[in-house]
Trainee: 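Take this structure first; my questions come after.
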Amino acid sequence: MSEVLLQLKDVTVRFGNRFHPFTAVNRVSFDIHRGETFGLVGESGSGKTTIGRAIIRIHPTYEGEILYDGQKINGHIDKALDKAITRKIQMIFQDPMASLNERAKVDYIVSEGIYSDPISREKRREMVEEALMDVGLLPEFASRFPHEFSGGQRQRIGIARALIMQPEFIIADEPISALDVSIRAQVLNLLGELQKKRALTYLFISHDLSVMRFICDRIAVIHLGHLVELAETEKLFRHPLHPYTRALLSAVPQPDPISEKHKVLTVYDPSMHDYSVDKPVWTEIEPGHFVLGNQKELEEYRGKLGE
């Protein structure tokens, strides 16, 4: 197994104040290995984006540790490490229509992160052109404004903005959810090609398990700030254990119209769990497969794996 690049250890993120606190992420722990695509899936409001923004230091953590290459990067860190992390970790945002400055030209949007670097204007222009070509855009597009591009092209500009920083780790926050179906595959293929070319590691955030199956090596399932299951992608699809995971999988569209017509959706009801006495524990139920459950539920899950 490849080395661990990023670790989250019991990370909690809260919003509000001490009188009205809201816990968006509750004691989340997972590792991401160098070179892999790690998926984080859940419905809207589950805490997926909050985790991504906590990693990139947009949201402060309340408890826990985030380690990058063995170094703690959350909380108070020195300026040198903060600058290094800003370069090594980049984020592709969900909405390409809202994440680009409409008043700036593409040249400035893509190169904004390197403006403080002691390089010549000519060198910066070359870096912008290289980043644009890497995402399949022409160098002359650098002189245009964002409104002159389609949604797919705008998302490619957002990817170029991340690439120019020469990152090792990219957080892709639902990068195709705002795009037309016809160009989603193009962006996914582009991300895959860039990963091979630049040896990138991805945290891929989405609510769409059918997309996750195509691009991710492992998938973690999150519900209302709690991780409920984590496994290799195909193992998760073959043996989903937690009821919430099974509910998400039941909503995945089937390519066969007859199967889709007769498909029965599973509805997840959190009240089905009785955690009043027997508290849930994050447990490795089999090698590489983790699930949240109390002792009674864990025994049921083990029985399902043995079937």
Side-chain angles (χ1 to χ4, degrees), residues 1-9 11 25 28-42 47-59 61 64-74 77 81-94 99 113-114 130-131 134-135 155-156 158-177 187-206 208-209 211-222 227 230-236 288-290:
M1 184 176 290
S2 59
E3 65 177 302
V4 173
L5 181 63
L6 183 85
Q7 290 178 287
L8 271 69
K9 296 183 177 181
V11 169
V25 176
V28 165
S29 300
F30 58 79
D31 299 341
I32 299 180
H33 301 116
R34 190 180 294 275
E36 81 168 329
T37 299
F38 184 92
L40 189 58
V41 66
K48 309 182 301 296
T49 297
T50 301
I51 289 175
R53 292 181 175 228
I55 292 171
I56 206 169
R57 297 176 53 78
I58 294 175
H59 292 328
T61 55
E65 289 187 327
I66 301 176
L67 305 178
Y68 185 83
D69 226 358
Q71 287 185 294
K72 182 174 178 290
I73 63 169
N74 63 317
I77 59 176
L81 179 59
D82 183 54
K83 184 175 181 180
I85 291 302
T86 301
R87 287 188 171 277
K88 291 179 180 179
I89 303 178
Q90 287 289 300
M91 192 165 187
I92 301 168
F93 295 94
Q94 178 177 355
S99 61
I114 61 171
E130 181 183 356
D134 276 348
V135 299
Q155 193 61 292
R156 288 170 184 262
I159 296 172
R161 178 174 58 184
L163 291 179
I164 202 168
M165 302 297 290
Q166 301 293 320
E168 300 174 336
F169 182 81
I170 290 180
I171 301 164
D173 182 13
E174 303 206 38
I176 62 170
S177 63
V187 175
L188 289 176
N189 290 333
L190 171 63
L191 291 173
E193 292 166 4
L194 292 170
Q195 184 175 37
K196 295 176 183 177
K197 180 179 179 180
R198 296 190 175 223
L200 295 171
T201 304
Y202 289 136
L203 169 59
F204 193 89
I205 296 170
S206 180
D208 190 339
L209 271 167
V211 170
M212 305 286 263
R213 190 174 193 177
F214 173 75
I215 197 170
C216 295
D217 300 299
R218 292 185 299 146
I219 296 175
V221 182
I222 187 169
L227 280 193
L230 189 161
E232 292 179 2
T233 300
E234 289 306 314
K235 185 178 290 186
L236 189 76
H289 192 166
F290 297 82

Trainee: Do the non-hydrogen side-chain atoms of Ile51 and Val11 ever get within less than 4.5 Å of each other?
Mentor: no
Trainee: Are any of the side-chain heavy atoms of Ile176 and Asp208 separated by less than 4.5 Å?
Mentor: no
Trainee: Looking at Val135 and Arg156, what are the two nearest heavy atoms and their distance?
Mentor: O-NH1, 2.6 Å
Trainee: Who passes side chain to side chain contact (heavy atoms under 4.5 Å, CB included) against Gln71, sequence neighbours left out?
Mentor: Leu81
Trainee: Kindly check if the number of other-residue, nucleotide or ligand heavy atoms within 6.0 Å of NZ (Lys72) is above 12?
Mentor: yes
Trainee: Any salt bridge linking Asp69 with Lys88? Criterion: basic side-chain nitrogen under 4.0 Å from a carboxylate oxygen.
Mentor: no
Trainee: Shortest non-hydrogen contact from Arg57 to Asp82?
Mentor: NE-OD1, 3.1 Å
Trainee: Under a 3.5 Å distance rule, please check whether Gln155 uses its side chain to pair with a backbone N or O of Pro175 as donor and acceptor.
Mentor: yes
Trainee: Of all the heavy-atom pairs spanning Ala54 and Ile66, show the shortest one and how long it is.
Mentor: O-CD1, 3.7 Å
Trainee: Is it the case that the ring center of Phe30 lies less than 6.0 angstrom away from the ring center of Phe38?
Mentor: yes
Trainee: Nearest 0.5 Å please: distance from the CG atom of Leu203 over to the CD atom of Glu36.
Mentor: 9.5 Å
Trainee: If we only count heavy atoms from C-beta on, is the Leu8 to Ile55 side-chain gap below 4.5 Å?
Mentor: yes
Trainee: Taking only residues two or more places apart in sequence or in another chain, which ones pass side chain to side chain contact (heavy atoms under 4.5 Å, CB included) with Ser29?
Mentor: Asp10
Trainee: Report the distance from atom CD1 of Ile219 to atom CG of Leu236, rounding to the nearest 0.5 Å.
Mentor: 5.5 Å
Trainee: Using side chain to side chain contact (heavy atoms under 4.5 Å, CB included), reason through Ile92 and Tyr202 one step at a time and then give a plain yes or no.
Mentor: CA-CA 10 Å; Ile92 301 168; Tyr202 289 136; 5.5 Å; no
Trainee: For a side chain to side chain contact (heavy atoms under 4.5 Å, CB included) check, start with the C-alpha distance between Ile114 and Arg87, then their side-chain angles and the critical distance, and finish with the verdict.
Mentor: CA-CA 9 Å; Ile114 61 171; Arg87 287 188 171 277; 4.2 Å; yes
Trainee: Working to the nearest 0.5 Å, report the span between CD1 of Ile215 and OG1 of Thr37.
Mentor: 5.5 Å
Trainee: If the condition is side-chain hydrogen bond (donor to acceptor under 3.5 Å, both in side chains), which residues does Thr49 pass it with, not counting sequence neighbours?
Mentor: Asp173
Trainee: What residues, two or more places apart in sequence or in another chain, satisfy side-chain hydrogen bond (donor to acceptor under 3.5 Å, both in side chains) together with Thr86?
Mentor: none
Trainee: First locate atom CD of Gln94, then atom CD of Glu174, and finally report the distance between them rounded to the nearest 0.5 Å.
Mentor: 4.5 Å
Trainee: How close do Lys48 and Ile205 get, counting heavy atoms only, and between which atoms?
Mentor: CB-CG2, 3.4 Å
Trainee: In chain order, what residues pass the side-chain hydrogen bond (donor to acceptor under 3.5 Å, both in side chains) check against Thr50, with sequence neighbours excluded?
Mentor: none
Trainee: State the CG-CZ distance between Leu40 and Arg218, to the nearest 0.5 angstrom.
Mentor: 11.5 Å
Trainee: Quick one: closest heavy-atom pair of Arg213 and Thr233, and the distance?
Mentor: CA-CG2, 3.7 Å
Trainee: When the side chains of residues 161-171 are checked against the rest of the protein, which donor-acceptor pairs come out under 3.5 Å, sequence neighbours left out?
Mentor:
residue: Arg161; atom: NH1; partner: Ser99; partner atom: O; Å: 3.0
residue: Arg161; atom: NH2; partner: Ser99; partner atom: O; Å: 3.3
residue: Glu168; atom: OE1; partner: Tyr68; partner atom: OH; Å: 2.6

Trainee: Shortest non-hydrogen contact from Leu6 to Val4?
Mentor: O-CG1, 3.6 Å
Trainee: The test is side chain to side chain contact (heavy atoms under 4.5 Å, CB included); show your working for Phe290 and Leu227 and say whether it passes.
Mentor: CA-CA 9 Å; Phe290 297 82; Leu227 280 193; over 6 Å; no
Trainee: Find the distance between NZ (Lys9) and CG (Asp31) and round it off to the nearest 0.5 Å.
Mentor: 8.0 Å
Trainee: What do the steps show when you test Ile159 against Asp134 for side chain to side chain contact (heavy atoms under 4.5 Å, CB included), and what is the final call?
Mentor: CA-CA 9 Å; Ile159 296 172; Asp134 276 348; over 6 Å; no
Trainee: Between Asn74 (side chain only) and Gly64 (backbone N and O only), is there a donor and an acceptor less than 3.5 Å apart?
Mentor: yes
